[in-house]
Structure formats: structure tokens, C-alpha cells
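Structure first, commentary second.
Naming: A, B, ... by sequence-line order, numbering from 1 per chain.
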2 protein chains.
Amino acid sequence: MRDAGEESAPLSRIQRMNRERILDAALDAFSERGFSGATLDRIAEIAGLSKPNLLYYFASKEAIHAALLTELLETWLAPLAQLDPEGHPRAELLAYVSRKLRMSRDMPRESRLFASEIFQGAPRLGDTLAGPLKRMVDDKAAVIARWQAEGRLTPDLDPHHLVMSVWALTQHYADFEVQARAVLGPERDPWAEAEGFLAAFYGRVLAR
Amino acid sequence: MRDAGEESAPLSRIQRMNRERILDAALDAFSERGFSGATLDRIAEIAGLSKPNLLYYFASKEAIHAALLTELLETWLAPLAQLDPEGHPRAELLAYVSRKLRMSRDMPRESRLFASEIFQGAPRLGDTLAGPLKRMVDDKAAVIARWQAEGRLTPDLDPHHLVMSVWALTQHYADFEVQARAVLGPERDPWAEAEGFLAAFYGRVLAR
DNA sequence: ACAAATCTTGACCGGATGGTCAGGGGGAAG
DNA sequence: CTTCCCCCTGACCATCCGGTCAAGATTTGT
């Protein structure tokens with residue numbers, strides 16, 4: 001039961017490896033089937049470990065889930081954090097869209113895990129959403145508002161909603177990939193087209 | 001076992017009422033917890049019926065889920081179906097956004113149910129997505145493409161992606177409502193602001 | 001009012017699932 | 001090489017959950 005929270009001992013080589021395998025397998029399972037739909041047996045199978053062995057590294061199924069979410073949040077905030085207050089408004093925002101889209105494309109499992117959690121009322125992320133996440137968005141929204149006040153960006157779009165629109169559009173390609181593929185047909189590749197579309201889309205939105 | 005598919009007998013008053021109560025309760029449960037997370041006991045409790053009684057009206061948990069999805073699809077396609085090829089391009093598209101947003105606002109449970117299904121690879125909707133849904137979108141995309149060819153709409157936005165952007169943005173407010181509330185803070189109402197924001201947003205996107 | 005059909009339920013079942021435990025293996029320090 | 005501790009596992013358990021069933025309650029048609 002050496003799980004959770006503050007590690008005191010510095011994790012052996014074998015511990016690091018197995019924790020990694022477990023978390024990766026769990027990400028597969030949770031993102032595909034949701035928390036309830038994922039079973040410890042399935043996670044163990046994907047990880048190539050025995051079920052009791054999972055529970056040697058993590059106290060419970062919930063603990064695995066919690067570990068994934070905690071790890072995820074740092075990653076998820078990164079693209080927005082990089083928005084540079086001193087940069088060129090339009091270029092900065094377009095670069096942000098591009099980063100966020102790339103992240104959704106490269107980490108669809110993480111995207112779905114995050115979404116699933118929000119769907120269920122974010123029981124485990126509630127505080128983090130209202131805390132660090134809100135602070136980060138407030139911070140960047142203030143930057144955007146300043147750009148607007150300086151006349152360097154259209155003033156008629158609320159900054160908070162503008163940021164959320166980026167989340168919505170980029171996550172959509174990850175979370176609803178099946179739908180996008182169905183609608184576009186087997187010949188077209190959603191991801192390949194998404195970048196160009198979003199660039200043109202936000203190009204128009206952000207035009208002076 | 002009088003469930004599923006084509007009804008032959010015309011459903012008694014009490015049958016209609018109980019089926020309705022069950023489906024409504026199931027919508028609550030499925031949209032909150034996903035398919036695996038929702039239990040028959042919980043659905044029965046919400047519906048105010050006994051579990052065996054549920055299974056008198058529906059053959060199985062899956063049958064309830066399937067009934068919900070089937071019913072949902074017609075509703076979900078309606079706003080797009082109303083897009084009028086003979087109307088004014090910009091006005092038609094803005095009206096579509098407005099209708100879709102209103103539907104997400106008034107039917108968040110349905111929105112989440114739909115999203116959950118897509119998340120899991122749409123095992124039950126796969127064919128419908130590639131069939132009726134794709135046809136509908138292709139149809140409307142052709143209308144938009146015609147508008148673009150006629151010079152009545154900016155030509156540099158792919159019609160299919162444009163439609164999907166509406167889905168992404170409107171569903172976001174429903175599916176991620178918890179997140180939106182957290183980010184905006186307790187004082188602000190996401191839904192109240194969404195309409196104005198999306199109007200301004202698409203106003204710019206669709207400007208000539 | 002009576003019988004037939006419909007509706008409802010408590011009790012129960014088998015399998016899946018999260019979690020436990022006592023003990024066996026294997027690597028690292030000496 | 002040995003020892004000790006970390007690592008691992010088969011077997012097992014309690015609970016939950018979807019689903020069944022036989023019998024009782026209610027409604028409906030006449």
C-alpha cells in the first residue's frame with residue numbers, strides 16, 4: 001500500500017516502470033469505457049500484470065483514477081500557460097489554437113478521460129477547476145482584455161468564452177473523432193483538415 | 001417481454017406512462033454515470049418502479065439504452081434539418097446556431113447521452129452516423145457550398161467542418177457545463193452569455 | 001360481478017468485480 | 001553465498017448487478 005500522495009521513499013526502478021505501465025493501461029481502459037466500465041482485470045491484462053499486483057502499487061481502482069487525473073491536469077494547462085502577454089495578439093492566439101489542437105490529436109485518451117470526468121460533474125476535479133484552472137483562465141483572459149482595450153484585437157468577443165471556444169473546437173476532434181470520421185466519410189482525414197480549418201476559422205474570428 | 005422495435009399492439013395508457021417514466025429515469029442515470037455506471041436498481045428507484053417491473057417493459061438494460069438512442073436521433077437532427085436552402089445564408093446559419101444552442105440548453109441530458117455513446121466508439125450508433133447523419137450533413141454542406149460558390153458566403157471555410165464547429169461549440173456548453181461554471185465563476189451564467197457570444201462569434205466568422 | 005388479461009413484486013440466481021491474504025519468488029546489499 | 005526485503009501470485013471472499021420466476025394484485029372487457 002505505497003500509493004498516493006506524497007511519496008517519501010524515492011521509488012525504485014521497478015516501481016517506476018510498473019506504475020507507468022499501470023497508469024498507461026488504466027488510461028486505455030478508462031478513456032474507452034469510463035470509470036465504471038473499466039475493470040481491474042482488464043487494466044491488469046493490458047498492463048501485463050496480475051490484478052493483486054495492481055493493488056500492490058495502488059490502493060484501489062479509485063486511486064489509479066485519481067493518480068491519472070492529477071497527472072493530467074498539469075499537462076492540460078500547458079498550452080494556455082504558454083500564451084505570451086508580450087507577443088502579437090493574433091499570432092499568439094493562433095499559436096495557442098495550434099498547440100491545443102496538436103495536444104488533442106496526440107493525446108486523445110487523455111482528452112476523453114478529462115471529458116468523462118467533467119461529464120459526471122467533476123466530483124474529483126471540482127476544486128481544481130474552480131482553483132488553478134480558473135486562475136489560469138482569468139489570468140489569460142485579462143491579457144486578452146488588455147489587447148482588446150489597446151485596440152489590437154476585436155473587442156466584441158468575451159475573453160473567457162473565446163478561450164472556451166478553443167477548448168470546445170479542439171477537443172471535439174479528439175472526443176468525437178468517430179463522429180467526425182463518419183460525417184466526413186472514409187476518404188477524408190479529420191485531423192489533417194482540422195488544422196487548416198481552425199486556422200482559417202480563427203483567422204476570421206480574430207481579424208481586426 | 002413486450003418491448004423493442006415495431007409495436008404491433010397499440011400500447012395501453014398505463015404502458016405509455018410507465019415506458020415514459022422508465023425512459024426519463026434512464027436518461028437521468030445514463031447521462032450522469034454512463035452505460036456501465038447506471039444500474040437498473042437506480043433507474044427503478046428514480047422511476048418509482050420495481051426492478052422486475054422495468055424488465056417487464058424492456059427486455060434488458062441494453063434495450064432501454066437502445067430505445068433512448070433511437071428516440072434521440074430524430075430530435076438531434078432536427079435543428080440542422082430546418083436549415084433553409086432558399087433563405088439568406090448568414091441569417092440561416094446564425095438561426096441554426098441559435099436553435100442548436102437552445103436545444104443543448106434545454107436537453108443537456110440528451111446531449112451527454114449522445115456524447116457518451118460517441119466516446120465509446122458509437123457501437124450502437126455507428127451505422128446511423130455513417131448513414132442518415134452523414135446524408136443530412138452532406139446535404140446541408142452542399143447548400144453551404146452553393147452559397148459560397150454564389151459569393152454569398154466566405155468561401156474559405158469547409159462546409160462540413162463549419163457544421164461540426166457548431167456542434168462542438170453548442171454541445172460544449174451542455175456537456176462541460178460544470179467546467180464553464182467553474183471558469184466563469186459563480187456570478188456569471190454560461191447559458192445567458194453563450195447566446196450573445198456565439199452570435200458575435202459566428203457573426204465574424206460568416207462576415208463577407 | 002366475474003373472468004381474463006395485464007401489471008407488479010419479493011425472493012432468488014449466477015456471474016462479474018473490487019479487494020484481501022498468506023505465502024512463495026527474486027533481486028540487491030553485505 | 002546468504003540474507004532480507006521488496007515484489008508477486010493463486011486462491012478466496014463479499015458485494016453488486018443484470019436478469020428470472022412464480023405468484024399475487026389490478027385493471028379491463030363483458
Looking only at the aromatic ring of each residue, does the gap between the centers of B:Y173 and A:H161 stay below 6.0 angstrom?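 Centroid distance A:H161-B:Y173: below 6.0 Å, so yes.
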Report yes if the distance between the aromatic ring centroids of A:F201 and B:F201 is under 6.0 Å, otherwise no.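 A:F201 vs B:F201: aromatic centres under 6.0 Å.
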Ionic contact status for A:R204 with B:D156, cut-off 4.0 Å: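 Counted as a salt bridge, because a side-chain N and a carboxylate O are separated by less than 4.0 Å.
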Under 4.0 Å between any heavy atoms, over every strand shown, what does A:A38 touch: base, sugar-phosphate, or nothing? Just pick one.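 Sugar-phosphate, no base atom in range.
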With heavy atoms under 4.0 Å as the rule, sort A:L49 into base, sugar-phosphate or nothing.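 Nothing: the residue A:L49, judged by heavy atoms under 4.0 Å, touches no strand.
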How about CG on B:D127, more than 12 heavy atoms from neighbouring residues, nucleotides or ligands closer than 6.0 Å, or not?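 No - once you tally the heavy atoms of other residues, nucleotides and ligands closer than 6.0 Å, there are 12 at most.
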Just wondering, are more than 12 heavy atoms of other shown residues or ligands nearer than 6.0 Å to CD in B:E193?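 Yes, the 6.0 Å shell around CD holds more than 12 heavy atoms from other groups.
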Expressed as a whole number of angstroms, how long is the span from [X]:[atom1] to [N]:[atom2]?
X     : N      : atom1 : atom2 : value
B:R42 : D:dC16 : CZ    : C1'   : 16 Å
A:N53 : C:dG25 : CG    : C1'   : 12 Å
A:R19 : D:dC6  : CZ    : C1'   : 15 Å
B:M17 : C:dT8  : CE    : C1'   : 12 Å
A:E45 : C:dA16 : CD    : P     : 14 Å
B:Y57 : C:dT6  : OH    : P     : 12 Å

Just the atom pairs and distances: protein N or O near nucleotides 19-25 of chain D's N or O, under 3.5 Å.
residue: D:dG19; atom: OP2; partner: B:K61; partner atom: N; Å: 2.8
residue: D:dG19; atom: O6; partner: B:K51; partner atom: NZ; Å: 3.2

Strictly below 4.0 Å: does [X] bring a side-chain N or O up to OP1 or OP2 of [N]?
X     : N      : answer
B:Q15 : C:dC7  : yes
B:R13 : D:dT28 : yes
A:N18 : D:dC8  : yes
B:Y56 : C:dT8  : no

Mapping B:D41 and B:I14 to their closest nucleotides on DNA chain D, which lands nearer the 5' end?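 Of the two residues, B:D41 wins.
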Mutual orientation of the aromatic rings belonging to B:F114 and B:W76 [parallel < 30°, tilted 30-60°, perpendicular > 60°]: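 Ring orientation of B:F114 relative to B:W76: tilted.
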Before you tell me yes or no, could you show the steps for A:K51 and A:D41 under salt bridge (charged side-chain N to carboxylate O under 4.0 Å, His left out), namely the whole-Å CA-CA distance, both residues' side-chain angles and the distance that decides it to 0.1 Å? CA-CA 6 Å; A:K51 182 169 62 168; A:D41 287 289; 3.7 Å; yes
